[in-house]
There are 2 protein chains.
Amino acid sequence: MDDRSLSNIDQPSLFCILSKRLFAGMFNFRKIFALWFLVATTMSYTSVSMAVPKVKSWSTENGVRVYYVHAPELPMVDVQILFDAGSARDKKKKGLSLLTNRMLSMGAGKLDATGIAENFESVGAKLGRGALRDSAWLSLRTLSKEKYLSKAVNTLATVLNKPRFLKGDLAREKKRIVATIRQQGASPSSIAKRAFYKELFRKHPYANMPIGTIKGVKSLNKKDLQKFYQQYYVGNNAVVAIVGAIDEARARKMVHTLTSTLKPGSKAAALPKVKPLTKSKLVHIPHPSSQSHIFIGQTGTYRGDPEYYLLYTANHPFGGGGGLTSRLAQEVREKRGLAYSVYSYFSPMRRRGIFVIGMQTKNSNTVKAINLLNAQLNKYHRKGMSRKEFKHAVSNITGGFALRIDTNKEIVQYLGLIGFYNLPINYMTEFTKNIQKLDRKQINAAFKKRIRPQAMVTIVVGGRKAPVLSAP
Amino acid sequence: MDDRSLSNIDQPSLFCILSKRLFAGMFNFRKIFALWFLVATTMSYTSVSMAVPKVKSWSTENGVRVYYVHAPELPMVDVQILFDAGSARDKKKKGLSLLTNRMLSMGAGKLDATGIAENFESVGAKLGRGALRDSAWLSLRTLSKEKYLSKAVNTLATVLNKPRFLKGDLAREKKRIVATIRQQGASPSSIAKRAFYKELFRKHPYANMPIGTIKGVKSLNKKDLQKFYQQYYVGNNAVVAIVGAIDEARARKMVHTLTSTLKPGSKAAALPKVKPLTKSKLVHIPHPSSQSHIFIGQTGTYRGDPEYYLLYTANHPFGGGGGLTSRLAQEVREKRGLAYSVYSYFSPMRRRGIFVIGMQTKNSNTVKAINLLNAQLNKYHRKGMSRKEFKHAVSNITGGFALRIDTNKEIVQYLGLIGFYNLPINYMTEFTKNIQKLDRKQINAAFKKRIRPQAMVTIVVGGRKAPVLSAP
């Protein structure tokens, strides 16, 4: 797994979008940069943001909130159903959220896993599913023509409403997840990620990995899953996002088929607030790898944070923006060749998510690299971005946004995000405008206020000996 | 990765089919068994095999062989383009085939990786690609309506015909592949698989893993890829499989768009024959895992082998058939609880592929497990299957076949298999009939002749000490 996917751990929507882009590779920045250049030199920003889709929203009798965009261009429909049922709800049953979500498609009603898969495939439809810290979701891409759509939607309704949680299926899936956790235990990037979350969030539910622990997963039984399902997979805890070639009447009918038999239930309780770190900590985990994985960070911002746009933009010239033109990239990669990639980002969640600086380097360069990252952070924290960096960041972010919502898959994921985090319904329309409104001094002030260089967690996985750092 | 995917390493078609089923899990056998039961008790076999699709085939001027099935039920088209350009063609450049295949979608014509991905996504199309030992391929699922199809097909044509192989992209992909090989180096199942192929195929090109070696991948450069591409991605070395809602005229036009600018080139040279093992060998690779991964096997059968059906059926009661009712499953799993799953299979390739028996067990049970597997193999080799097992195997295989070709994705993969391995064009129609024609004594004789229990390679990964086996 690419380390950069760390950024997306609690953003089902952006996760998918960015995964796609990360899959496409580092070359994203080229396109974004090219577009920025185009925008900055020949076009007005408005022409780029014109394609932003019109969102309609309503709620059902049993409390499901629905977000819908009519997109008639492709004869397809994308649906995402999200529940506030991510691993932050696991409590002591580590891995319960993910396993519950996964088991939904392993048997429902009269269908076993193969039957479910074949039902979807027979109409060319594709099921997705997942669980991260905040949310757990099912998704569907189907043809919009009624005869295909109805079979796909009916099957999804069965999967969502009539899970079997059979003991044999459960034993098999537990075994698979345990095997994956074991594999991750040998991967330096997984080890580093687990340690980073543990140190940052300590007793907060975000400290745990959605996949759980071997002990936790082994202990889960059918009753745990049923209980979790009955509590969290309920109307008042659900958001449905729909984009595609169906009119509102059909969209409403689809929502009815999918969710009308869900119990209203209750919205999941508010998560505890994340307590910011108060002092720095270095954790070294020896590993027989030649490269060391380095994460430096602290808790950052949350969805709906009034300062979100400021912080998001503040990060851009520092370690964001696709990874080649940022200060970190220039200092670490271009000038010193210490790493192939280096980056920083905020990952907003329901509560404060991570702010992280990440890179890999040869074990012998670890100390040098960490000192450099800290020096850069301190400098940026003190002085902030330059006018030139500010202009570039705003152009780049606003120019690139249209590309992030130019496919139905991306739009449905943004809709899910808007619904799940109660963002303004015009989030997509306003994003670019909100960035354009920002003032450089405000941005620098927000970063200075929020980021505390004196309270950073540093995780190093790799090498035998703990790095000895110079005094800060 | 599920160990059972080992079975599919050189069957791009079956690979995908079985992956889907394996993904759906062990429960496949239930459906197959249920169907078998239904078939055996209430229906005639013919009614099950009636849905077999009608295949049409032709060749283009530049030598591309095309296999086409008209399937108007879904407004979609599935295409697979295969080349005899798998890792068996790597020679000393380990990993060249896979890297070349992967780089195709990383930049082509004027498009970078993101541009390619977005071109497909903008019309709801999905690109696939892969390379195993025998073949390398690209695949596409697209809507059949002209305006979507033409954009998807034009993009695929660019990907196939105008790869850029840019140095920056290449460096990034090499880094990713090297990281994956490193990860595999820590996974007992990957270690076992690599060792198994190495011992079985020794100096034969099949000995190498398609992903290559760290040293091999690091050494590859742009020229290597260009040369490989120019030699193997040519008309006479290509097969196109098409299934979907397009008539023959449009299918021909599509093939023209995709392949008419490929140089005719030459068919890849015949691969050397695989030399069967002459004596047994035990390889123990210590690993700090609590479970040991065990593979026991030798080289087996090839595509087009006159004895293929006999051997395939012979394996069914032994360790095949979905994994619960076989002798191995009964002895290892049900009676002794030594493993959650145990299986055996033949994996036919251009030349003889593997015959393997596989399982995982606690380190302390390794010797017991290996002795048991060998005892079962010896017994089955000596006496063969019973009448009851014979009846069950034939019913199960013939009953299950219809399920393997009940979606367009599965059919296109079979078409690719038929074209790539020059199987009879009526392969799908005849499969069931060919199994029904078999005679129990012939089956037992074929297994007895082909399998040599005195010349098996045994790979054990796990535990500190090599297992000491009792004399055979």
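All values below come from the heavy atoms of this structure, side chains included, with hydrogens, waters and symmetry mates left out. A, B, ... follow the sequence lines: proteins, then strands. Residue 1 opens every chain.
Of the listed residues (Met76(A), Lys147(A), Arg182(A)), the greatest number of heavy-atom pairs within a distance under 4.5 Å of chain B belongs to Met76(A). For the set Gly124(A), Ser122(A), Ala186(A), the count of heavy-atom pairs under 4.5 angstrom toward chain B peaks at Gly124(A).
Within a 6.0 Å sphere centred on NZ of Lys222(B), heavy atoms belonging to other residues, nucleotides or ligands number more than 12. In the displayed structure, Lys151(B) atom NZ is contacted under 6.0 Å by more than 12 heavy atoms of other residues, nucleotides or ligands.
Using a cut-off of 4.0 Å between Lys/Arg side-chain N and Asp/Glu carboxylate O, Arg404(A) and Glu118(B) are scored as not salt-bridged.
Taking CD of Gln183(B) as the reference point, atom OG of Ser289(A) lies at 11.5 Å (rounded to 0.5 Å).
Residue contact with chain A, scored on non-hydrogen atoms closer than 4.5 Å, involves the backbone and the side chain of Pro75(B) alike. Lys145(B) does not touch chain A: none of its heavy atoms, backbone or side chain, sits under 4.5 Å away. Of the atoms belonging to Leu143(B), it is side-chain heavy atoms, and not backbone ones, that fall under 4.5 Å from chain A. Of the atoms belonging to Pro188(A), not a single heavy atom falls under 4.5 Å from chain B.
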Before you tell me yes or no, could you show the steps for Lys126(A) and Lys126(B) under side chain to side chain contact (heavy atoms under 4.5 Å, CB included), namely the whole-Å CA-CA distance, both residues' side-chain angles and the distance that decides it to 0.1 Å? CA-CA 11 Å; Lys126(A) 200 164 160 44; Lys126(B) 201 165 159 43; 4.2 Å; yes
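Not counting sequence neighbours, Glu73(A) has no partner by the side-chain hydrogen bond (donor to acceptor under 3.5 Å, both in side chains) test.
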